[in-house]
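Before any comments, here is the structure.
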Amino acid sequence: MPRAAVIPKPNSAVEIRQVPEPQLEPDSALFEVELSEVCGTDVYLQQGRLQGVPYPLVPGHVSIGHLSKIRGSIRDVDGRELREGDRVTFLDVHRTCNACWYCLVAKATTRCPHRKVYGITYGLDDGLCGGWAEQIYLKPGTRCILCVSDAETFMAGGCALPTALHAVERGGISIADTVLVLGSGPVGISSIILALMRGALRVFCIGAPDLRLDVASEVGAAGVLNFEKHDERGRLEWLLERTGGRGADVTIEATGAPDAVVQAMRFTRDAGRVVVVGQYTDHGPVSSRAAFNPHLDLNKKQLDVRGCWGSDFSHFYRAVQIVSDPNRSKPWAALQSKLSHYKLAQANEALADVAAGRVLKALIHPR
Ligand SMILES: [Zn+2]
Ligand SMILES: [Zn+2]
C-alpha cells in the first residue's frame, strides 16, 4: 500500500498513512511521485485558511514522476498516446468543463466553477490526489505533459512558475519596461526571471528576508530592498530614485499581504499596470493603516489593476517547455543549491520551515 502524508483536519499535524492502491477507472493512470513540493498554499491548507477544502487531504499540487500503470488510453495535447514508464508532470487543475459560461463566453477557464485542484480541493475521499505520497491517482481527463527536465530544475519552478507566467502575461510587459516585483517567495522569484525573459529592461524587488533577496539578485533583479528595514515612504523613495520619479511601469504583487496591494498601486507610475497574484488565500481586507484612497491611488493615476487567479493549461504547458529547454531553464537550474529536501515523514518540518520563510523552497521526496 502506498504511503501518503495527510493533513487530517485544519490546524493538526501531518500524519503518514498507508492508503490502498487505487482501482483504475477507464482512461486513468497511476503516477509514481519522484518529487513534490511545499508551497505557501500548503501552509494555509494546514492552517485551514482556504475555503472549500475537503479534509483529510494529501497536499502537493505540482509534482513530477512517471506513469507506472495506465488503464485504457491517455493522450497528451499533441495527440500522442502516453505509455507506462513515461516521465510526466500533470496540470493540477482538473475537470475544467469547457461547457460553462466562464469557459465558453468569458474564456476565463480559471474561473470555471467545476474545476478541481489536486492537493487542494480534492481530498483523500476523492482518492490519492496529492503529491505528498508515493503515488497519485490520475483521474480520467487529467492533462499530462511529457517532461524531460531534471526533477530539481522543474521543481525549482514548481507551482510558482505557471502562476508567475500567468502574472507576467497579465502584466503585458513591454520591451524595456521597468518592472517592480513585490515579494521574494517562489512566485516573486519566477516573476523576476520571466519579466526579464519577456523583455523588461530592469526588474526591482521589494521583499524579505535577505536570504530570498539574495536569490532575487542572483536571478537578475537590478535592485532589491528589504521591506522590514524600510517603511512604506522609504520604499517609495527608493523606487522613485530609480525610475525618474515616476514609479514602475508594471508592478506584480506576490506577497500575501493585503496592504501590499495598495502599495503596489502607489509604487506604479501613472497609467501603468498592477497585477495582483499574491492573494490566493483570503488574508482579509487592507488595514486602516493602508488607507486606500480611490481618487489618489487609482482613478487619478489612471491605473490598470488586474487580478490573476491560478493558472490554466497554457501557462503550465509553457512552463514545462521553458524548464525543459537547456538555455531557458538555466535560471531555475541555478536555484538547485537553494532547495531544501525533506522525506515524507519530515512533512511537518518542511511546512514549518516554509511558514517561517527559513527556506526558499521545500521539496518532498516521497521515496
Ligand atoms: Zn467551465
Ligand atoms: Zn502552490
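Each ligand, and each atom within it, is numbered from 1 in the order the structure gives. Both backbone and side-chain heavy atoms feed into the values below; hydrogens, waters and symmetry mates do not. These numbers were taken from a predicted model, which means no experiment stands behind them.
- Applying salt bridge (Lys or Arg N to Asp or Glu O under 4.0 Å) to R273 and the options D177, D249, D304 leaves one that passes, D304.
- With the Zn ion (ligand 1) as the vertex, atom SG of C97 and atom SG of C112 span an angle of 110° (nearest 10 degrees).
- Between the side chains of Y118 and S63, not a single donor N or O lies within less than 3.5 Å of an accepting N or O.
- With the Zn ion (ligand 2) as the vertex, SG (C159) and NE2 (H61) define an angle of 110°, rounded to 10°.
- Aromatic pair Y44/Y280: centroids not less than 6.0 angstrom apart.
- Using a cut-off of 2.8 Å, one finds that H114 contributes no N/O/S atom close to the Zn ion (ligand 1).
- Within a 6.0 Å sphere centred on CD of E228, heavy atoms belonging to other residues, nucleotides or ligands number more than 12.
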